[in-house]
Every structure is written in C-alpha cells, then in structure tokens.
Amino acid sequence: SLLIVYCTFAAIVTSLGVINTILTADTSYLAPSDEIGSLFGILGAVESGSGMLGPLIGGSLTYISPVQAPLMAVVGLYVLVFVLVGYGYERFVLPKSEQDTGPIKASTTTTKSVSLELGTDKKIE
C-alpha cells in the first residue's frame with residue numbers, strides 16, 4: 001500500500017534527523033581538540049557526496065523495482081549504520097568521552113552575591 005510506504009519514509013526521515021544530530025555531537029569525542037575542524041570537514045564532505053550519489057543510486061534502483069528496491073536499500077543502510085554505531089559507540093566513543101570529562105557526578109554549586117556601591121561624589125562625563 002502507498003500509505004505504508006509514505007509512513008515508512010516518514011519514519012526513516014525522522015530517524016535520519018535524530019541519528020545525524022547524535023552522531024555529529026558524539027563525533028567531537030573521536031579526535032583531539034586541534035583536529036576537530038578537519039574531522040567535521042571530512043564529515044561534511046561525506047554528507048555532501050552522499051547527497052549527490054544517493055539520488056543517482058536510488059534512481060538506478062527504481063529500474064529494478066520502483067518502490068521496494070530503494071526502500072530496502074535505505075532500510076539496509078540504516079540497519080548497517082545501527083549495527084556499526086551499536087558496536088562501535090561503547091568501544092570507541094564512550095571511553096574517550098569519559099576520559100575527557102570524567103564520569104558524571106552530582107555536584108553542588110554555591111553562589112556568592114557581589115554588591116557594587118556607586119559613590120555620588122564622582123562626576124560622570
């Protein structure tokens with residue numbers, strides 16, 4: 001049914017936004033602070049290249065099956081990314097983030113109030 005295809009594509013697009021945001025934020029833990037710019041440059045280049053190649057490959061897959069082939073290719077790629085992130089996140093990203101920031105601990109903060117007294121004998125020009 002066409003309704004099922006549209007609902008599936010809507011779920012895929014929504015997950016893409018969520019996953020892309022999470023991966024971009026966590027990517028900063030993969031490189032030292034002086035190489036983050038290079039890492040995000042490569043990430044941007046890969047995203048741009050994917051934006052150019054994706055429609056070409058998807059259009060070519062429509063010759064095989066107009067609806068099912070592109071949908072199955074996208075779902076297959078998402079499963080692959082899910083497996084790679086699920087396997088690699090705890091192994092590569094999480095240990096580096098704990099090294100940099102340490103384990104999350106509850107902390108208490110204190111505030112100090114500072115008062116500023118203005119004298120009336122000074123002239124402001």
Side-chain angles (χ1 to χ4, degrees):
S1 159
L2 197 55
L3 179 63
I4 293 172
V5 171
Y6 283 138
C7 290
T8 305
F9 278 131
I12 289 172
V13 170
T14 303
S15 342
L16 174 63
V18 171
I19 289 173
N20 193 25
T21 303
I22 293 169
L23 290 178
T24 302
D26 284 344
T27 300
S28 64
Y29 292 119
L30 296 176
S33 60
D34 59 335
E35 295 179 5
I36 288 180
S38 300
L39 182 65
F40 280 116
I42 292 170
L43 183 63
V46 168
E47 286 179 3
S48 296
S50 299
M52 292 185 289
L53 290 177
L56 291 173
I57 295 170
S60 300
L61 288 174
T62 59
Y63 287 112
I64 297 171
S65 174
V67 175
Q68 290 181 350
L71 181 63
M72 290 302 129
V74 170
V75 169
L77 287 173
Y78 272 112
V79 168
L80 176 67
V81 167
F82 180 75
V83 168
L84 290 176
V85 169
Y87 171 73
Y89 184 80
E90 289 183 6
R91 186 172 179 162
F92 299 110
V93 179
L94 196 57
K96 289 188 180 194
S97 68
E98 287 180 353
Q99 268 180 351
D100 293 341
T101 61
I104 298 173
K105 296 179 182 175
S107 65
T108 59
T109 59
T110 59
T111 58
K112 297 179 181 178
S113 43
V114 176
S115 62
L116 178 64
E117 295 181 17
L118 296 175
T120 56
D121 57 345
K122 293 190 178 184
K123 196 184 231 186
I124 300 175
E125 293 180 16

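One-based numbering along the sequence shown. Model, not experiment: these values are computed from the prediction.
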> What are the two closest heavy atoms between Ser65 and Pro70, and how far apart are they?
Replying inline: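 Closest approach of Ser65 to Pro70, heavy atoms only: O-CD, 3.3 Å.
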
Hydrophobic cluster identity match, [X] and [Y], side-chain contacts under 4.5 Å:
X     : Y     : value
Val67 : Phe9  : yes
Leu43 : Ile36 : yes
Phe40 : Ile42 : no
Tyr78 : Val5  : yes

>> Surrounding CD1 of Ile4 (heavy atoms of other residues, nucleotides or ligands, distance under 6.0 Å), is the total greater than 12?
In response: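 No, the 6.0 Å shell around CD1 holds no more than 12 heavy atoms from other groups.
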
> Is the CD atom of Glu47 crowded by more than 12 outside heavy atoms at less than 6.0 Å?
Replying inline: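 Counting neighbours around CD of Glu47, more than 12 heavy atoms of other residues, nucleotides or ligands fall under 6.0 Å, so yes.
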
>> Return the CG to OG1 distance between Leu3 and Thr8, rounded to the nearest 0.5 Å.
In response: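 Going from CG on Leu3 over to OG1 on Thr8, the span is 9.0 Å.
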
> Run the side chain to side chain contact (heavy atoms under 4.5 Å, CB included) check on Val83 and Leu80 step by step: do they pass?
Replying inline: CA-CA 5 Å; Val83 168; Leu80 176 67; 5.6 Å; no

